[in-house]
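Input: a single structure, listed below in structure tokens.
In what follows, every chain begins at residue 1, and chains take the letters A, B, ... in the order their sequences are listed.
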Number of protein chains: 2
Amino acid sequence: MSGFVSHFTNRLDAKGRVSIPAPFRAVLARDGFEGLYCITSAHCDAVDAGGNELLAEINKRSEAFAKLSPDHDALAVALFGASENPKIDGDGRMTISDMIRDHAGITDQVTFVGMNYKFQIWEPAKFREYRAEAQRRALAMLSGQAPVPSQGEPA
Amino acid sequence: MSGFVSHFTNRLDAKGRVSIPAPFRAVLARDGFEGLYCITSAHCDAVDAGGNELLAEINKRSEAFAKLSPDHDALAVALFGASENPKIDGDGRMTISDMIRDHAGITDQVTFVGMNYKFQIWEPAKFREYRAEAQRRALAMLSGQAPVPSQGEPA
DNA sequence: TGGGTCCTTATGGGATACCATGGGAAAACA
DNA sequence: TGTTTTCCCATGGTATCCCATAAGGACCCA
């Protein structure tokens, strides 16, 4: 059963809402998470989004340290403090919060990028830029050296 | 369903009250704790807050030492002496006690930071500072850690 | 193959509910 | 009796719910 694939660009309306691409909604429905789990990416101007599968990934990371310890607190702030649970309305839309808007530099359009177990939320121009760079790197990796450790589908 | 997530900044009113963010109230309601459990953090200028899940974590800590032992007594004093049970009024507000105010250096605004099983209460400026540091540490911690099966992330 | 119909999807907008906040009055306290 | 706490209500702004519409695609049928 496949996860989030392909990418879509939708418009924000006057209220700051945007339609989540229908194929992504279908994946979320299968996943069973109430609403959407979002977390700002630590290493690029995008927001990771998904359901239980993404949340499990985050939890796994934070469980590596004992609760109430300074390390765990710092990690929890960085992970959960930078997360959100937007609701999805009856028409399949979410509202882009200020946190997401600021982190991703979104103004009037949003690009949703499937990444199998999660998807990312981008400002369209920044995504095009990032994508071109990613393709260059992928090409270099593929042509340059030994088999890529392919434990997932090639994005 | 996930726990305390995201962060919110609210104003104190003239009576020293502040609204607990609605999403946090929803988590507390699910948790079933009457009111709120607060304890000053031992290693930063913040106050830990939550319900039964936080309390259980603290109990687990103190149970690691034999009761009646000097160690246990000292820990109990440190833990429960630094604790409070503020009430939550009908409008979802709590009063910031002097202990919390002093420990966190709060004046007129409060930042609530979700950390999954608990949340923290911060003075906004101090939080921004801590958050920047936490993100650096988290990045280091996560990248040094045993490889999380990163299927797809082109980073 | 061409045309028509139905359904899904993205988007817009009005009405309503919720939430943070302020303040008054009753109650408890000292 | 003065002071603080607790309960209750008011309000402005925002988010949520609900309905409308247009465009595109799938499907069916001739």
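Centroid-to-centroid, the aromatic rings of A:Phe24 and A:Phe4 come within less than 6.0 Å.
Nearest heavy-atom pair, A:Asn85 versus B:Val5, reported as atom, atom and distance to 0.1 Å: N-CG1, 4.1 Å. Closest of all the heavy-atom pairs between A:Tyr37 and A:Gly51 is CB-O, 4.4 Å. Closest approach of A:Val27 to A:Ser2, counting heavy atoms only: CG2-O, 4.4 Å.
A:Ile88 has its CD1 atom 12 Å from the P atom of C:dA10, to the nearest Å. A straight line from CG of B:Asp98 to P of D:dT4 spans 11 Å, rounded to a whole angstrom. We find that CG of A:Asp89 is positioned 10 Å from C1' of D:dC18, with the value rounded to whole Å.
Recorded end-axis angle for the helix from C:dT1-D:dA30 to C:dA30-D:dT1 stands at 30°, based on five pairs per end and rounded to 10 degrees.
At a threshold of 4.0 Å, the pair A:Asp73-B:Lys118 counts as salt-bridged, since one of the basic side-chain nitrogens sits closer than that to a carboxylate oxygen. Using a 4.0 Å cut-off between charged side-chain N and carboxylate O, B:Asp91 and B:Arg17 make no salt bridge.
Between the side chain of B:Thr95 and the backbone N or O of B:Ser97, no donor-acceptor pair lies under 3.5 Å.
Shown are A:Ser19, A:Ser6, A:Pro21; of these, the side-chain contact (heavy atoms from CB on, under 4.5 Å) with A:Phe112 is made only by A:Pro21.
Taking side-chain N and O atoms only, A:Thr95 has a distance below 4.0 Å to OP1 or OP2 of D:dT16.
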- Query: In B/S/- notation, 5' to 3', how is nucleotides 17-30 of chain C contacted by protein heavy atoms closer than 4.0 Å?
  - Reply: --SSBBBBB-----

